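All values derive from a computational prediction rather than experimental measurement. Just so you know, ligand 1 is whichever comes first in the structure, and atom 1 is the first atom listed for that ligand.
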Amino acid sequence: MTERVLIYTPYERFWHWAQAAGIMMLVLTGAVIHWPGSIGVLPFSLAVSIHNVLGFLLLINAFLGLFYYVATGAIRQYLPEPHDFVSLGAAQLMYYMRGIFRGDPHPLEKTSRRRLNPLQQITYLVILNVLMPLQLITGLLMWSGQMQPGILSWVGGLPLVAAVHTLGAWAFVTFTIMHIYLTTTGRTPLSNLIAMITGFETLPKSRPEAANQESTSQSTPNSINEVVT
Ligand code: HEM
């Protein structure tokens, strides 16, 4: 028995795809700026302008996203459950390294209220709260340093800030490649992608006691369930 469950609200999907498109464009324009003249897709000055505007748009998107996730309580999706974090995290790691190749079942059954496994929670927390701010701050420092060079020398100089920013960009590229691969490891290779596009995913029908537990515990806006088979 399965049911079609709303996993991502329209705003969560908008936030995700705006962020994904923004970061991909930032990587592309950043590469044009980093290797001037060698990537012929955009003129250098246009790449700089697009890169700067996208950086500010991403900053706004990050703050709006944070506000939404805190205000709706959906931020709980990202917060690891202390009681089973280590055991479930280890089981998930073993699944990615071995179980997945033997067709073993997923260690954690996905529900609308618990859609992320512990490894996803930790990865997304680090990406959104460490890597993203690091990129935005180093980017802002280099941007404002053109007008106020004193700011840059105060934090170690342009070569250091630029190196950290470039390292962050490589980390984002690495994350995105691994992220896209891992999105194919859901119930079917495309089920996670379809969920992030349509909002809905077909999942095993939750047991009544689990549904009860959910309705009395955390409440997030994700609550539309349709039984299909
Ligand atoms: C073209 C590039 C991308 C594709 C195709 C993609 C696709 C997806 C898909 C299918 C999911 C749902 C399944 C899952 O949680 O693993 C997801 C979740 C997520 N992605 Fe991406 N993604 C892309 C880029 C990015 C980038 C650049 C970021 C950077 C911050 C990002 C951050 C996230 C986050 C935080 C979630 C969890 C959302 C939540 O459950 O609230 N994604 N992505």
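If you chain together hydrophobic residues whose side chains sit under 4.5 Å apart, L193 and I7 fall into the same group. A single hydrophobic cluster is seen to contain both V5 and I194, as judged by linkage of ILVMFWY side chains at heavy-atom distances under 4.5 Å, directly or through other members.
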Without placing hydrogens or testing angles, list every side-chain donor-acceptor pair under 3.5 Å for residues 161-169, not counting sequence neighbours.
residue : atom : partner : partner atom : Å
H165    : ND1  : Q135    : O            : 3.4
H165    : ND1  : T138    : OG1          : 2.8
T166    : OG1  : A162    : O            : 2.8

Considering only distance and modelled atom types, tabulate donor-acceptor pairs under 3.5 Å from the side chains of residues 14-24, sequence neighbours left out.
residue : atom : partner : partner atom : Å
W17     : NE1  : M196    : O            : 2.9

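Nearest to atom 38 (C) of ligand 1 among the protein's heavy atoms is Y78 OH, 3.4 Å. Nearest non-hydrogen protein atom to atom 26 (C) of ligand 1 is F175 CE2, 3.8 Å. For atom 12 (C) of ligand 1, the closest non-hydrogen atom of the protein is Y8 OH, 3.2 Å. Scanning the protein for heavy atoms near atom 4 (C) of ligand 1, the closest one is W17 CZ3, 3.7 Å.
Residue Y124 has at least one N or O atom closer than 3.5 Å to an N or O atom of ligand 1.
Considering CD of E3 and OG1 of T111, their distance stands at 9.5 Å, rounded to 0.5 Å. Within the model, atoms CD1 of I197 and OH of Y8 stand 11.5 Å from one another, a figure rounded to the nearest 0.5 Å.
Proximity of I23 to ligand 1, defined as any heavy-atom pair under 4.0 Å, is confined to the side chain (atoms from C-beta onward).
For ligand 1, the atoms closer than 4.0 angstrom to any heavy atom of L116 are 15 (O), 40 (O). Remark: ligand 1 atoms within the under-4.0 Å shell around heavy atoms of I127 are 30 (C). Listed by number with element, the atoms of ligand 1 under 4.0 angstrom from any heavy atom of Y69 are 41 (O). Proximity to L193 (heavy-atom distance under 4.0 Å) selects the following atoms of ligand 1: 10 (C).
The salt bridge (Lys or Arg N to Asp or Glu O under 4.0 Å) check on R102 picks up D104, with sequence neighbours excluded.
Put simply, the side chain of H51 reaches to within 4.5 Å of the side chain of I33, judged on heavy atoms.
Taking each heavy atom of R4 and T202 in turn, the nearest pair found is CG-OG1, 3.7 Å.
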**OP:** For the pair F175 and W170, evaluate ring-ring contact (aromatic ring centres under 6.0 Å, His included) and give the outcome as yes or no after the intermediate values.
**Re:** CA-CA 8 Å; F175 160 76; W170 281 111; over 10 Å; no
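Sorted by chain and number, the protein atoms of type N, O or S within less than 2.8 Å of atom 21 (Fe) of ligand 1 are H16 NE2, H179 NE2.
Here atom 41 (O) of ligand 1 lies nearest to R115 when heavy atoms of Q77, M24, R115, Q120 are compared.
Taking the six-membered ring wherever Trp is involved, the centroid distance between the rings of H179 and F172 does not fall below 6.0 Å.
For the residue pair T9/Y68, the side-chain donor-acceptor check at 3.5 Å is satisfied.
Taking 4.0 Å as the cut-off, L182 does not count as a neighbour of ligand 1 on heavy-atom distance.
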